[in-house]
A.B. asks: 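Please see the structure below; I have some questions.
Lettering of chains follows the sequences in order, A, B, ..., and the numbering in each one begins at 1.
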Amino acid sequence: MSQLPEPEAPSDFIRDRIRADLQSGRVTQVVTRFPPEPNGYLHIGHAKAITLSFSVAKEFGGRCNLRMDDTNPAAEDQEYVDAIKEDVRWLGFDWDALYYAADYFDQIYAWAEQLVEKGLAYVDDQHADAIAASRGTLTAPGTNSPFRDRPVAENLRLLREMKAGEWKDGEKVLRAKIDMAHPNLNMRDPVMYRIRKMHHQRTGDRWCIYPMYDWAHGQCDSIEGITHSLCTLEFEHHRPLYEWFCDSLGIYKPQQIEFARLNVEYMLTSKRKLLLLVEGKHVDGWDDPRMPTLRGLRRRGYPPEALVAFCKHVGVAKVNGTHEIGLLEFFVRDWLNKNALRRMAVLDPLKLVIENWPVGASGQPHVEMVSAQNNPEDPNAGAREVPFSGELLIERSDFMENPPKDFFRLAPGREVRLRFGYFVKCTSVDKDAQGHVTAVRCTYDPATKGGNAPDGRKVKATIHWVSAAHAIDAEVRLYDHLFTSPDPASADGGDFLRLLNPQSERIVRGRLEPSLGSARGGERFQFERLAYFVCDAKDSRPGAPVFHRTVALKDGWQKAQKKGDGKPA
RNA sequence: UACCCCGUGGUGUAAUCGGUAGCACAGCAGGUUUUGGUCCUGUUGGUUCCUGGUUCGAGUCCAGGCGGGGUAACCA
């Protein structure tokens, strides 16, 4: 097969490297892998890694495996395995093969005996603290273990005893014999096997010694014939060890290439910190719409296509930077603008009474159905009928009693268009005892049905509305950044909880056009002139949908206002 | 006070074998518009961290600085 890259394949240091490997013949077919540890849920940072490894394989006509890096039974769980598979698929990727590091345990163990026989590994009786103490520091070399020069036969016997369960947790470890004075701490006789008498989600009780990451990862890559093992920057110092193991074993050695992990403003991607948010009940679980987890983003209404487009756009490099959240939101809006159906909803209602609206024949209020486009960006989306009547609800912010000159919406004496309906002109307002406006009174022009005046007169604004008698009631959750600081990870003293945004979730009762009553979980809409929303699959009930604000529409009016009053001259 | 990696406009990322800096987002201005959305047009921002060197010519090569990040788990 030919591995000609797709013409639109991006250019970056990883793909340049792959092209070179293909040209030199070192590699004939590209094989990559995404190797998550099933001890937690995937987040937006993983989305970048997933997009990279899968896209690269596809671009070069290669393969990409999904591999559960399950070498530590302490924290791993089948639940996470299932969640990871689901999340990768949700992003739109499919693996060529699904593997588990645990399935290679026999081979990895056999290799360990080989290393022992070569005199390149030994059993150490020291406990964890002693090993740590003798490792030295960043600036001082370590010292050799007193067990470092055990004879091969004894090492072999001890290793087999470890495997057979004859020693307790922590009593012995197998270590690689490299160099305790090596400037790279990872090379100071790293631990290969530790004893853990624990049940493993995949191998059950078959093993009581488990390989460390360094002793497993490269070997797994080698077995699978991975050509380019892509990982994040913090593994750079592990590469020499990765290569030492493959070289010492004389097995196929994949090329590990490191890239910078993804950071996005206002988001945290540390599993530990995310766990604190969940356990401290600062959010409503791993799938809370404010979480940067894939499950959270999904419930927030982020389309997977937008996430992938974002990940592709940010590219890959070795510089650790932080992306503006506005860029992510741009991709979300971009996809939603083309695909989300438009609907009308009023979140902060103000009554609008049309005084010259006709009375129905039966004496009941007259109701008229108006045709509304489902998506101006997509003619194929069709149209729907929305009930229009003499008593409507409009957004409170669409009316001002004493408007500034640049306010185009409704005000006494002003005429605006009701979207898909008629032109209305405000004649008066009703107020309560405190002087608050309780309703605006208007007259409508019957000749403007559909939104155009036969005499050609123009209005400066179009506002959305719902019919008071027909609107449904629904819970609407308005989300904002989880943190008040764009960089919560570097909070003073590490106390990022202090930076939680108390306004990150605001719940309101919205008044929605009737068609929204049958919205199904996962369906995304644009509530015209407001924002994009998704019908929550978890909390919605038949006839009682719940909506989550995914991202607000850009708001030029609000921006202009902020500019006007915010800054001193 | 060790080792490794990195340093291009506000943010992120490009620039064939070295030939004087592009793109996206953001910003600003205008146009279109039955969403102050979308779309379209124009436009402000960079002495490519600094200093030397090699060269006819360096963001690209070399040296030395400066700055940022990473690394000391029987975690991955």
A.B. asks: With a 3.5 Å cut-off and just heavy-atom distances, do the side chain of A:Glu265 and the base of B:rG12 make a donor-acceptor pair?
C.D. replies: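 Flag unset: no donor-acceptor pair detected.
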A.B. asks: A:Tyr213 has an atom OH; how far is it from atom C1' of B:rA72, in whole Å?
C.D. replies: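 It is 18 Å, rounded to the nearest whole Å.
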A.B. asks: If the cut-off is 4.0 Å, is A:Lys271 near the phosphate of B:rA76, judged by side-chain N/O to OP1 or OP2?
C.D. replies: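 No, outside the criterion.
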A.B. asks: Start at the 5' end of RNA chain B and walk down; is the nucleotide closest to A:Asn186 or to A:Thr462 reached first?
C.D. replies: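 First, find each residue's nearest nucleotide; the 5'-ward one identifies A:Thr462.
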A.B. asks: Counting Watson-Crick and G-U wobble pairs whose two distances are both under 3.5 Å, find the runs of 3 or more in a row that involve RNA chain B.
C.D. replies: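 Ordered by first number, the stems with RNA chain B (at least 3 consecutive pairs each) read B:2-7 with B:66-71, B:10-13 with B:22-25, B:27-31 with B:39-43, B:49-53 with B:61-65.
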A.B. asks: So what does A:Arg196 touch, heavy atoms closer than 4.0 Å: a base, only the sugar-phosphate, or nothing?
C.D. replies: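 Result for A:Arg196 = sugar-phosphate.
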A.B. asks: Please determine whether any donor N or O and acceptor N or O are separated by less than 3.5 Å between the side chain of A:Gln558 and the base of B:rG36.
C.D. replies: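 Such a pair does not exist between side chain and base.
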A.B. asks: Provide the distance between the two P atoms, one in B:rU38 and one in B:rA29, to the nearest whole Å.
C.D. replies: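 Nearest-Å result for B:rU38 against B:rA29 at atom P: 15 Å.
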A.B. asks: A:Phe235 near the nucleic acid: base, sugar-phosphate alone, or nothing, with a heavy-atom cut-off under 4.0 Å?
C.D. replies: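 Result for A:Phe235 = base.
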A.B. asks: Reckon A:Leu327 touches a base, only the sugar-phosphate, or nothing at all at heavy-atom distances under 4.0 Å?
C.D. replies: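 If one applies the 4.0 Å heavy-atom cut-off, A:Leu327 turns out to touch the sugar-phosphate alone, with no base involved.
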A.B. asks: Using only modelled atom types and a 3.5 angstrom limit, is any donor from either the side chain of A:His323 or the base of B:rA24 paired with an acceptor on the other?
C.D. replies: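 In this structure, the two groups form no donor-acceptor pair.
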A.B. asks: Considering only B:rG12, B:rG36, B:rC6, which nucleotide approaches the side chain of A:Phe408 most closely?
C.D. replies: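 Minimum distance to the A:Phe408 side chain belongs to B:rG36.
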A.B. asks: Assign A:Glu395 to base, sugar-phosphate, or nothing according to its heavy-atom contacts below 4.0 angstrom with the strands shown.
C.D. replies: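 No contact.
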A.B. asks: Has the side chain of A:Gln526 got a donor or acceptor atom sitting under 3.5 Å from an opposite partner on the base of B:rU35?
C.D. replies: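 Yes, the side chain and the base share a sub-3.5 Å donor-acceptor pair.
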